[in-house]
Structure formats: C-alpha cells, structure tokens
Engineer: 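The following block contains the structure, expressed as structure tokens.
Below, read A as the first sequence line, B as the second, and so on, with proteins coming before strands; counting in each chain starts at 1. The figures that follow rest on heavy atoms only: side chains count, while hydrogens, waters and symmetry mates do not.
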Amino acid sequence: MEKIVRSVKGTRDFYPEEMAVRRWLISKIQQVSAAFGYQEYDGPCLETIDLYAAKSGEELVKEQAFVFPDRSGENIALRPELTPTLARMIASKQNELTFPCRWWSFGPFWRYERPQKGRTREFFQWNIDLIGADQIAADAELIAVAAEFLRSVGVHPDQVKILINDRRLMDAQLSTIGIPLDLRPAVLRQIDRIDKQPAEVWDKNALDLGLVPEQLSQLKSLLGSADLWQQSPELSALFAELDSLGVREYTAYEPKIIRGLDYYTGTVFEARDTAGSFRAILGGGHYSNLVGDVGGKPLPGVGFAMGDVVILLLLESLGLIPEIIPAGEAVFVSVFAEDYRSTSNRIAARLRRAGFKVFSYPGMDKLNKQLKYADKLGARAVLVIGPDEIERAEVVLKDLTARTQQVLPEAELEKGLAAILAQRHTL
RNA sequence: GUGCCUGUAGCUCAACGGCAGAGCGCCUCACUGUGGAUGAGGAGGUUGAGGGUUCGAAACCGUCCAGGCACCCCA
C-alpha cells in the first residue's frame with residue numbers, strides 16, 4: 001500500500017462511478033447551455049504567463065497559478081481561469097464574429113491553493129458568457145441560465161438563491177455617504193468580507209480604512225437594506241426581466257454581494273445555498289471591457305463560472321445525484337464451458353451489431369460466479385447458453401432487476417432483450 | 001502563505017503507555033446449470049512516513065506527507 005506512488009496534492013481520481021457523475025453533470029450543463037442557444041468552445045490548458053500578466057488580480061497569477069518554464073525557458077501557466085483565453089479568442093476574430101456571441105465551455109483548471117472542502121487544486125469549471133451586449137436583458141439572461149441549470153438538477157428555490165447586486169448602485173450609495181473615490185475599492189472589498197469577520201473586527205477594519213463612525217453606521221444600514229435595489233433603475237429592470245423569464249423565485253437582492261474581481265462593472269451575482277453550508281456555487285457579473293487588455297476594441301459582456309466541486313457537494317448533500325451504474329443497461333453473456341465459448345461469442349457479436357451493450361466472461365468459472373460478476377457490475381440481463389439450449393436453438397434470458405428468467409427461441413432474443421431494457425429502471 | 005484539528009484492515013470506527021479488535025466489504029465452501037438471502041470457514045496491519053522519549057509507543061514529543069476547519073482568495 002505504501003508503495004503506491006501518491007497522487008498530486010489537491011487532485012482527484014475519477015473511478016467509473018465518479019466519472020459517471022461527472023458525465024451526468026456535463027450533460028446537464030450542455031443541455032441548459034444549448035437551450036439558451038449557446039455554442040461550445042474551448043481553449044488550450046497551457047497559456048503563456050503573459051496572457052495573465054495584464055489583467056487577473058495579481059494574486060491569482062503570482063500566487064495561485066501553476067507556472068513552470070518549458071524546455072525553451074518560456075514561462076507557461078496551467079490556466080487558472082478561462083476569461084483571458086476567451087478575451088484573446090474574441091479579440092483575434094473580433095471583425096468576423098457575429099455579436100453578441102453566446103459561448104460556453106467546460107474543462108479543467110488549476111490553482112495552487114490549499115485544498116479544503118469545496119476547493120481542490122485541479123477542478124472543472126463551467127464558463128458561460130454573452131459577449132458584445134451591454135443591456136440589462138443580457139444580464140438577466142445569464143442569471144436565467146444559472147437558475148434553469150439549478151432547476152434542471154432538481155434544486156429548489158428555497159435551497160439555493162442567486163444573490164444579485166449592482167456595483168453602480170453600490171458606488172452611488174458610497175458616494176452619497178461621502179466616501180471618497182480613492183477609498184471605494186477598499187471599502188467594496190471590506191463589504192465582501194462582512195460575513196466572514198466577527199462584527200467588532202469588521203467594524204475596526206472599516207474604521208481603519210478611514211471611515212468615520214457616522215459613515216460606518218450608514219454603511220451598515222445600507223448593507224441591511226433589502227429594498228435598496230428599488231433605487232436602481234438597472235436592478236428594477238433586471239428583476240422585472242427575471243420575472244418574465246420565470247426565474248424570479250431563484251433570485252434575491254443582496255447588498256453584500258460585491259465579487260472580488262475588479263473587472264466587474266455592473267450587475268454582480270453569486271449563487272449560495274440558503275443553509276450556508278458551502279461556499280459560492282457559481283459567480284459572475286457584467287463587465288465592460290473584455291478584450292481591452294489583449295489588444296482588441298473594448299467589448300462589454302456578462303458571464304459566470306461554476307466549479308464542479310461545490311455544486312457536486314451540494315447536490316450530494318441534497319440527495320440529487322442520481323445513482324448511475326457505469327455498466328448499466330448492459331447484457332452479460334455467460335460462458336457455459338470452454339467448448340461453448342464460440343457460441344456465446346457469436347451471440348454476443350450479433351447483439352452488439354444490433355446496438356446492445358454486451359460483455360462476456362473471459363475465464364471459465366461456475367455459473368453462480370459468473371452471475372455474481374454480472375450482478376455486481378450492474379448488468380441488466382444475462383444470457384445462459386448451455387447444451388440443452390443449443391440443442392433446441394434456445395437461450396435462457398434472465399432479467400436481473402425483475403429476478404425473472406425465460407426460455408426464448410434464439411431468433412427472438414433481440415425482441416426479449418428490448419422488452420427488458422424498455423422497462424423503467426427504478427431503484 | 002497563516003492558525004487550529006485529524007490520520008488504526010478496502011470502508012466506518014474501537015483500543016488511548018502494557019498481546020491491534022469489531023461491523024461492513026472481500027475470498028472459499030454449503031450450491032449438483034443460476035446473482036443480491038442464510039450459515040460455516042478464511043485472507044487482510046511495520047497503526048500515514050521517518051526520527052526521538054520510554055523497560056515497553058497506535059497512544060507522549062518535534063519533522064515531513066496527506067485530509068478537515070477558519071483566514072487569504074475564489075469556482
């Protein structure tokens with residue numbers, strides 16, 4: 001056991017059961033993305049460090065990216081996020097693309113962070129963006145995509161809420177309180193932390209930033225104001241859009257939502273479980289300049305990202321991950337004795353050409369052992385073909401789920417199998 | 001990167017300075033041409049690694065590795 005070379009810290013192995021869950025998640029993501037007319041794309045997993053140097057918070061690149069020199073000495077990063085790659089891809093074809101673009105992607109990312117619950121060093125992320133649209137309707141659409149995804153995996157609106165705010169609104173409010181321009185970025189970051197620090201600590205930090213006690217109390221009453229959005233024409237319009245899109249129940253206004261990344265300029269949102277057990281499930285917002293840093297003409301857009309780790313933890317805790325049997329729907333062809341293997345092979349090959357998933361037994365063991373093997377692998381049906389059956393041109397067809405078996409003329413095998421597989425596989 | 005907690009059979013956990021155990025799982029048999037049930041046997045451990053203290057360490061002490069929680073940051 002100790003001799004097994006260990007895996008890299010913060011990575012996960014996907015055994016067939018886990019891989020089946022990942023496939024299931026991807027299929028849900030793909031379906032929702034396609035339902036809104038989004039097109040799939042991807043970029044390389046390796047990028048030059050220069051791509052990230054211009055934007056991306058310094059910490060993400062300097063301390064959280066996996067960076068290494070290639071054999072020529074050039075510094076290469078394993079992509080820690082997709083947005084810079086997206087910006088480059090958009091900028092490269094800015095004059096031939098039809099805007100607004102609706103693009104989505106799902107793939108691996110790497111960040112050199114300390115692993116903990118909901119955070120690994122290698123993870124998968126769904127990215128989805130609507131690029132080249134500055135309207136409230138665009139923001140509403142992305143939030144609707146997120147909400148419809150939650151709906152499609154069975155999450156109820158009282159289990160997860162998409163919390164929404166607008167940086168323009170917060171900026172205006174900070175201005176009203178009299179917080180000078182140069183202080184606002186720091187204050188915004190402090191707002192982002194309000195639920196992570198004890199009240200006294202938070203108050204002290206806020207005062208240390210330069211706020212006067214009067215401003216602090218005004219700020220705190222601001223952050224407790226659930227109706228603040230009504231003062232924002234953008235958010236008022238946004239919630240009206242969400243209503244007509246049929247996802248209003250999944251959303252809520254939350255003045256504490258700011259989002260860390262600097263490039264968000266308008267609507268910002270993140271999905272949280274209402275029980276507060278997990279970190280953010282997804283996060284995104286509106287940006288006004290996607291491609292400026294990579295040499296294109298400024299383009300607005302809106303998008304969000306969802307990592308696989310937190311959403312799967314959440315779905316697991318809610319019992320919403322279906323039981324998926326990797327070899328489900330498969331047919332097992334037993335081998336009665338070595339002399340009969342060729343007969344079993346012929347039937348297995350015939351069934352495969354007919355479209356069935358078929359697996360057999362390479363060795364030679366007692367029937368009960370072969371059946372046990374088929375059962376543990378989750379086979380749906382088993383064929384037994386021995387001397388009696390061959391003599392009469394028949395096969396024994398067992399339904400492992402129903403625990404029944406029937407003797408069929410060999411010619412009716414496909415029909416019998418189809419009938420078994422057509423039955424609802426309820427557990 | 002900072003602080004705190006944890007690591008015993010494949011899994012979940014006992015033993016807490018004095019012979020390393022249980023349940024589940026796994027293997028064999030009862031089962032002669034039939035899976036999940038039942039019963040009877042059996043295998044499986046240098047107690048995460050490598051040091052120290054001690055007559056004696058799974059236990060106590062420091063180091064490393066891995067996991068968890070909070071910070072940082074964010075998916």
Engineer: Using the C1' atoms only, state how far B/C13 lies from B/G7, rounded to an integer number of Å.
Structural biologist: 13 Å
Engineer: Which part of the nucleic acid does A/I281 contact within heavy-atom distance under 4.0 Å: base, sugar-phosphate only, or nothing?
Structural biologist: sugar-phosphate
Engineer: Hey, does the side-chain of A/Q405 have a donor or acceptor N/O within less than 3.5 Å of a partner on the base of B/G35?
Structural biologist: no
Engineer: What contact category does A/G10 fall into here, base, sugar-phosphate, or nothing, at under 4.0 angstrom with non-hydrogen atoms?
Structural biologist: sugar-phosphate
Engineer: Measuring only the C1' atom in each nucleotide, how far is B/C16 from B/G21? A whole number of Å is fine.
Structural biologist: 14 Å
Engineer: What is the distance from OH of A/Y15 to P of B/C11, rounded to the nearest Å?
Structural biologist: 10 Å
Engineer: Can you label the angle between the A/F14 ring and the A/F124 ring as parallel, tilted or perpendicular, going by 30° and 60°?
Structural biologist: perpendicular
Engineer: If you measure from the C1' atom in B/C11 to the same atom in B/A70, how many Å do you get, rounded?
Structural biologist: 29 Å
Engineer: Is it true that A/D273 and A/K161 make a salt bridge, defined as a side-chain N closer than 4.0 Å to a carboxylate O?
Structural biologist: no
Engineer: Could you state the CD-C1' distance from A/Q116 to B/U6, rounded to the nearest angstrom?
Structural biologist: 15 Å
Engineer: Determine, for A/R184 against A/D171, whether the closest basic-nitrogen to carboxylate-oxygen distance falls under 4.0 angstrom.
Structural biologist: yes
Engineer: Touch check for A/T120, heavy atoms < 4.0 angstrom, all strands: base, sugar-phosphate only, or nothing?
Structural biologist: base
Engineer: Taking any heavy-atom pair under 4.0 Å as a contact, classify A/F336: base, sugar-phosphate, or nothing.
Structural biologist: base
Engineer: Are OP1 or OP2 of B/C73 and a side-chain N or O of A/R189 less than 4.0 angstrom apart?
Structural biologist: yes
Engineer: Write down the partner of B/C60 under the Watson-Crick or G-U wobble criteria, each distance required to be under 3.5 Å.
Structural biologist: B/G52
Engineer: Answer yes or no: is there an ion pair linking A/E122 with A/R111, defined by an N-O contact shorter than 4.0 Å?
Structural biologist: no
Engineer: Which nucleotide, if any, forms a Watson-Crick or G-U wobble pair with B/G45, using both distances under 3.5 Å?
Structural biologist: none
Engineer: Scan every strand shown for a Watson-Crick or G-U wobble partner of B/G3, both distances under 3.5 Å, and answer none if you come up empty.
Structural biologist: B/C69
Engineer: On a plain distance test, is the side chain of A/R403 in donor-acceptor contact with the base of B/U34 below 3.5 Å?
Structural biologist: no
Engineer: Name the nucleic acid region contacted by A/E122, choosing base, sugar-phosphate or nothing; use a 4.0 angstrom heavy-atom cut-off, strictly under.
Structural biologist: nothing
Engineer: Could you let me know what B/A40 is paired to, Watson-Crick or G-U wobble, both distances under 3.5 Å, or none if it's on its own?
Structural biologist: B/U28
Engineer: Output yes when at least one side-chain N/O atom of A/R193 is less than 4.0 Å from OP1 or OP2 of B/C72, else no.
Structural biologist: yes
Engineer: State whether A/K369 places a side-chain N or O below 4.0 Å from either non-bridging phosphate oxygen (OP1 or OP2) of B/U34.
Structural biologist: no
Engineer: Charged N to carboxylate O under 4.0 angstrom, A/R121 versus A/E113?
Structural biologist: no
Engineer: For nucleotides B/C60 and B/C29, find the distance between their C1' atoms and express it as a whole number of Å.
Structural biologist: 47 Å
Engineer: According to a strict under-4.0 Å criterion, is A/K366 in side-chain N/O contact with OP1 or OP2 of B/U32?
Structural biologist: yes
Engineer: Does A/D375 come within less than 4.0 Å of A/R403, counting only side-chain N to carboxylate O?
Structural biologist: no
Engineer: Hey, does the side-chain of A/E113 have a donor or acceptor N/O within less than 3.5 Å of a partner on the base of B/A75?
Structural biologist: yes
Engineer: Rounded to whole Å, please give me the gap between CZ in A/F123 and P in B/C73.
Structural biologist: 17 Å
Engineer: With heavy atoms under 4.0 Å as the rule, sort A/D388 into base, sugar-phosphate or nothing.
Structural biologist: base
Engineer: Have a look at A/V310 and say if it touches a base, only the backbone sugar-phosphate, or nothing, with a 4.0 Å heavy-atom cut-off.
Structural biologist: nothing
Engineer: What does B/A15 pair with, Watson-Crick or G-U, if both distances are under 3.5 Å?
Structural biologist: none
Engineer: Figure out the CG/P separation between A/D365 and B/C29, and round it to whole Å.
Structural biologist: 9 Å
Engineer: Would you indicate what A/K376 reaches in the nucleic acid, counting non-hydrogen atoms under 4.0 angstrom: base, sugar-phosphate, or nothing?
Structural biologist: sugar-phosphate
Engineer: When you check the gap from the basic side-chain N to the acidic O, do A/E410 and A/R350 get nearer than 4.0 Å?
Structural biologist: yes
Engineer: For A/L86 and B/A75, give me the distance from atom CG to atom C1', rounded to whole Å.
Structural biologist: 16 Å
Engineer: Taking the P atom in each of B/G35 and B/C27, what is the distance between them to the nearest angstrom?
Structural biologist: 14 Å
Engineer: Between B/A59 and B/U54, how far apart are the C1' atoms? Round to whole Å, please.
Structural biologist: 13 Å
Engineer: Quantified in whole Å, what is the C1' atom distance between nucleotide B/A58 and nucleotide B/A15?
Structural biologist: 9 Å
Engineer: Taking the side chain as every heavy atom from C-beta outward, state whether A/P84 and A/E47 have any pair of such atoms under 4.5 Å apart.
Structural biologist: no
Engineer: So, OP1 or OP2 of B/A66: does either fall under 4.0 Å of a side-chain N or O from A/K9?
Structural biologist: yes
Engineer: Under a 3.5 Å limit for both distances, which nucleotide forms a Watson-Crick or G-U wobble pair with B/U34, could you say?
Structural biologist: none
Engineer: Is there a donor and acceptor pair, one atom on the side chain of A/R111 and one on the base of B/C74, closer than 3.5 Å?
Structural biologist: no
Engineer: Which whole number of Å gives the distance between the C1' atom of B/G52 and that of B/A9?
Structural biologist: 28 Å
Engineer: On a plain distance test, is the side chain of A/Q370 in donor-acceptor contact with the base of B/U34 below 3.5 Å?
Structural biologist: no
Engineer: Expressed in angstrom and rounded to an integer, what is the separation of A/D195 atom CG from B/C72 atom C1'?
Structural biologist: 16 Å
Engineer: Separation of A/L315 atom CG from B/A75 atom C1', in whole Å?
Structural biologist: 14 Å
Engineer: Atom CD1 of A/I162 and atom P of B/A75: how far apart are they, to the nearest Å?
Structural biologist: 15 Å
